[in-house]
Amino acid sequence: MEPLTTFGIIARMFYQFTSVWVALILLFAVSMAFKRRLGLYGKLYDSPIGMIGFGLVMFWVFTGIFGAMDLIVTQDALSQVSGMKNKPPGTPISGAEEGQYAWYLLGGDNLARDVFSRMVKGAWIVVQIAPLATVFAFMVGITLGLPAGYYGGRLDTLLSFLSNLILAFPVILLFYLLVTPEIVATGVPNYMATVLFVFPIVFLAVLLNSRFYTQPKFRTPLLIGVLGVAIWLYLSLISNDGAIVATDTYWIPGIPGILDLFDIPGGVLVVFVSVVFVNSPTVFRIVRGLTLDIKTRDYVAAAQTRGEGPWYIMLWEILPNARGPLIVDFCLRIGYTTILLGTLGFFGLGLPPESPDWGSTINEGRKLLSVYLHPALPPALALLTIVLGLNLLADGLREESLKD
Amino acid sequence: MGLFILKRVGVMILTALCLTFLVFFLTNLYPNLEKLAKTQGNFRMSDEQVSSFLEKGGYLQPIPIKYGEWLGVLPSYRHTNEDGSVQGRCILPGKTAEESPKFCGILQGFWGYSTVFKDEVAGVVSTRLALTGKLMFWVMLLMVPSALLLGILAGMKEGSKTDRTLSTFAITTTATPEYVSGVIFIAVFASSAVGLKWFKGTATSAMEHATFENFFLPVLTISLYGMGYIARMTRASMTEVMTAQYIRTARLKGVSFPNIVMKHALRNALIAPFTVIMLQFPWLLNGVVIVETLFNYKGFGWVLVQAAGNNDIQLLLAVSVVSVIVVLVTQLISDIGYVYLNPRIRIA
């Protein structure tokens with residue numbers, strides 16, 4: 001078979017992404033039709049920059065999801081095909097079997113794997129980890145930042161000192177100290193996960209309790225239900241094979257394997273935990289600053305006069321009014337988390353070496369960069385576009401939220 | 001002001017102590033010590049050999065005591081071998097136990113002995129820091145003026161075409177981490193596949209003899225990532241100043257536009273970017289580690305990677321002390337500078 005021309009490669013890639021295009025067009029059409037009823041999200045469609053950003057982000061989100069469903073990928077991301085080592089884009093596979101895609105659309109990497117499929121699979125890793133890690137970082141930052149800003153005093157001094165402590169650490173040094181197999185063996189990441197993942201539960205509990213504590217008949221079943229599920233998820237998250245921490249010398253039992261909903265491999269857990277750990281102090285600082293500003297407003301004074309409890313004021317008066325800057329920062333922070341994940345991959349930390357995440361792929365590709373460009377460039381451009389999309393989205397949101 | 005600085009220095013020392021203790025704790029966890037022993041001895045050591053190696057080096061004492069020894073407030077550990085010779089942290093190769101001091105920690109100016117470089121840590125860190133200093137000097141020289149220019153040009157007329165174009169450029173640079181822009185630059189300008197070959201893809205030769213050809217790409221890679229952020233801050237503060245009353249007064253008086261920008265707006269608009277530029281230093285440190293790895297420039301960032309990868313405890317501690325000091329000192333300077341530049345703020 002003939003190698004594909006540049007045009008052929010682009011056309012075929014375009015065709016592979018069909019499902020993504022359909023999803024994108026549907027999403028945009030529906031959102032445009034109902035944009036006046038969709039609040040801040042709907043207003044995004046008034047700003048061209050925001051729309052471009054959102055489009056870029058959703059492109060990779062859909063690519064990640066459909067890629068995980070094996071819709072876009074042309075080859076297996078991990079298997080090696082002989083004779084395809086470092087082959088340029090559009091090379092046909094010699095002796096392709098029946099039903100196998102006949103080309104390497106973006107060429108083969110140094111281990112003769114398909115660059116295109118690896119890039120698509122890498123999107124799924126980012127789409128899974130980055131938003132979730134950012135959500136957790138926000139939960140930690142909000143749960144600690146609100147009281148620090150609201151109460152002030154010693155609590156504030158202590159928490160600010162701790163957050164400055166983490167911020168003063170060069171991120172890469174922290175990663176090198178936390179994300180090594182030796183540290184995983186000591187169980188330090190498991191302890192950190194145990195502590196960090198408590199915060200969402202605390203957040204949920206306080207949020208619901210402060211709102212509904214005047215109606216105990218409604219509150220008590222609600223809390224039991226929500227917290228029951230949350231704690232179950234928490235325990236499934238932190239325990240692996242029935243143990244929370246398992247080292248050579250001792251182990252702390254978690255919930256038994258039958259009740260365990262999902263297992264997270266040690267490598268992913270440590271990456272996740274360290275990314276949350278690095279991000280939460282910054283969120284803490286932002287929330288604290290916003291709280292300091294908002295607590296002087298009249299509606300806070302009014303709530304205090306009504307006799308509302310401090311947590312009600314923090315979570316139901318201050319937090320909703322701080323949402324604008326927080327949403328913008330959320331978008332920016334997902335981008336930053338994506339960069340951090342790439343950094344980890346670039347230094348070969350955490351994720352297994354054969355994993356198709358973009359950072360690791362860039363790291364592998366850069367070693368041969370002076371001769372072969374095609375293994376390193378697609379993941380680099382992918383990472384660039386998703387982070388750029390998130391930045392543009394944040395910019396559009398900021399502009400639109402300032403308008404009212 | 002004096003009290004303020006004193007207080008900040010106190011907090012700085014406390015922070016540095018906490019952080020070094022944290023690094024100390026993490027590097028002294030047993031699996032890490034085992035790795036150290038195996039890289040120092042050989043990889044096929046049995047468990048007993050590992051623990052006897054660690055015992056001899058004094059690695060198995062409680063962590064607070066080891067930390068005290070490293071600081072120089074406790075006498076350092078000595079081990080008498082079977083043949084009667086004495087080994088210890090303070091006893092450098094080629095010295096006897098009697099010649100060596102009892103206390104040797106950073107308080108005595110002794111930073112330890114690097115197990116990777118087989119040299120004194122102080123020497124390793126200072127030579128590498130000098131190399132990184134050279135890199136940073138050029139980065140600053142490229143990044144700060146171009147970022148300010150970008151921000152000022154964009155902020156002069158908000159919403160204009162120049163503003164849109166420059167702002168999009170600034171956003172793109174902030175969205176491009178060093179390992180992406182570096183790879184793209186090498187691909188375009190240095191690889192034989194594209195064939196431009198304007199620059200060199202490695203900066204190893206720049207360590208002794210830096211030329212435009214071998215040094216420009218790493219400098220550009222680091223500067224671009226920080227540039228966008230500073231430019232956006234400058235733009236924000238410039239647009240704010242340009243809407244101020246005194247600018248309108250000046251325009252109504254008939255002062256020419258370049259004069260307004262140069263004489264009235266600039267000074268007030270540059271207060272905020274100053275803080276941002278100072279706070280960029282810690283971020284640049286990250287960039288330095290990535291770029292030095294990517295371009296194989298053996299400076300401070302490269303040492304950090306080597307030290308962390310081989311669990312070289314003493315070197316890693318020195319590296320973290322240096323970087324923590326860099327972060328905290330720049331914070332202090334930015335706070336003081338902010339007060340100095342903006343007379344409306346006074347610290348009691």
Side-chain angles (χ1 to χ4, degrees), chain A residues 49 53 161-162 164-178 180-186 188 247-249 332 335-336 338-340 342-343 345-347 358-359 362-363 365-366 369-374 376-377 379-381 383-392 394-395, chain B residues 11-12 14-16 18-19 22-23 26-27 29-35 164 167-168 171-172 174-184 186-188 190-194 201-202 228 282-283 285-286 288-290 293-294 301 304-305 307-309 311 316 319-320 323-324 326-328 331:
Chain A
I49 291 215
F161 178 74
L162 286 179
N164 285 340
L165 202 67
I166 301 171
L167 286 174
F169 232 111
V171 179
I172 291 179
L173 180 60
L174 200 65
F175 280 159
Y176 258 112
L177 289 175
L178 285 179
T180 54
E182 285 78 21
I183 294 285
V184 176
T186 60
V188 169
T247 64
D248 298 340
T249 43
L332 287 176
Y336 181 59
T338 311
I339 293 181
L340 281 184
T343 312
F346 182 77
F347 286 107
W358 293 336
I362 294 173
N363 184 33
R366 77 179 167 94
L369 204 56
S370 56
V371 200
Y372 302 111
L373 302 180
H374 61 273
L377 277 185
L381 293 174
L383 200 137
L384 169 63
T385 45
I386 191 172
V387 179
L388 179 65
L390 284 161
N391 275 278
L392 292 176
D395 225 45
Chain B
V11 173
M12 254 171 68
L14 191 62
T15 313
C18 288
L19 281 182
L22 203 68
V23 176
L26 287 172
T27 47
L29 288 170
Y30 194 76
N32 268 335
L33 290 178
E34 203 179 327
K35 183 169 132 193
R164 288 277 171 211
S167 294
T168 313
I171 291 181
T172 315
T174 48
T176 321
E178 292 90 351
Y179 51 90
V180 169
S181 51
V183 162
I184 294 177
I186 296 180
V188 175
S191 78
S192 54
V194 172
T202 77
W283 292 109
L285 201 69
N286 270 331
V288 163
V289 179
I290 294 172
T293 312
L294 187 60
L304 192 158
V305 173
N311 199 38
L316 210 50
V319 165
S320 50
S323 43
V324 165
V326 168
V327 173
L328 298 176
Q331 274 176 8

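Each chain gets a letter, A, B and so on, in the order the sequences are listed, and its residues count up from 1.
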Point to revise | Contacting moiety of N363(A), where chain B heavy atoms sit under 4.5 Å | key: neither

**Study point:** Test item: Y30(B) side-chain N/O and T186(A) main-chain N/O as donor-acceptor pair under 3.5 Å
**Key:** no

Review point. Of the listed residues (R164(B), K35(B), E178(B)), which shares the most heavy-atom pairs with chain A below a 4.5 Å separation?
Key: K35(B)

Check your understanding: Between N311(B), T174(B), T27(B), N32(B), which shows the greatest number of heavy-atom pairs under 4.5 Å with chain A?
Key -> N32(B)

Practice item. Output the option from I290(B), T168(B), L22(B) having the highest count of non-hydrogen pairs under 4.5 Å with chain A. Key: I290(B)

Check your understanding: In chain order, what residues pass the side chain to side chain contact (heavy atoms under 4.5 Å, CB included) check against L285(B), with sequence neighbours excluded?
Key -> P170(A), F300(B), S323(B)

Study note, to complete from the structure: So SG of C18(B) and CD1 of I166(A): to nearest 0.5 Å the spacing works out to 11.5 Å

Check your understanding: Step by step, would you call F169(A) with V327(B) a side chain to side chain contact (heavy atoms under 4.5 Å, CB included)?
Key -> CA-CA 8 Å; F169(A) 232 111; V327(B) 173; over 6 Å; no

Practice item. Heavy atoms only: give me the nearest L373(A)-A187(B) pair and the separation to one decimal. Key: CD2-CB, 3.4 Å

Review point. Heavy atoms, side chains only, cut-off 4.5 Å: are L316(B) and Y176(A) in contact?
Key: no

Revision key, fill the gap. Heaviest contributor of heavy-atom pairs below 4.5 Å to chain B, chosen from L173(A), I183(A), N164(A), L178(A), is L173(A)

Check your understanding: For the candidates W358(A), Y372(A), Y336(A), which exhibits the highest count of non-hydrogen atom pairs separated by less than 4.5 Å from chain B?
Key -> Y336(A)

Point to revise | Contact class of I184(B) relative to chain A, heavy atoms under 4.5 angstrom | key: both

Revision key, fill the gap. Checked I339(A), V387(A), N391(A) vs chain B; the most non-hydrogen pairs under 4.5 Å come from I339(A)

Review point. Looking at L174(A), L177(A), T180(A), which hits side-chain contact (heavy atoms from CB on, under 4.5 Å) with L26(B)?
Key: L177(A)

**Study point:** Under 4.5 Å from any heavy atom of chain B - which part of L332(A)
**Key:** neither

Review point. What residue in L19(B), V11(B), T176(B) has the most heavy-atom pairs under 4.5 Å with chain A?
Key: L19(B)

Check your understanding: Quick one: of V324(B), V319(B), T293(B), who has the most non-hydrogen atom pairs under 4.5 Å with chain A?
Key -> T293(B)

Exercise for review: For the pair Y179(B) (side chain) and T343(A) (backbone), establish whether a donor and an acceptor sit closer than 3.5 Å, ignoring hydrogens and angles.
Suggested key: yes

Review point. Do I186(B) and R366(A) have side-chain heavy atoms sitting under 4.5 Å apart?
Key: no

Exercise for review: Among the options V326(B), T172(B), L328(B), V183(B), pick out the one with the most heavy-atom pairs lying under 4.5 Å from chain A.
Suggested key: V183(B)

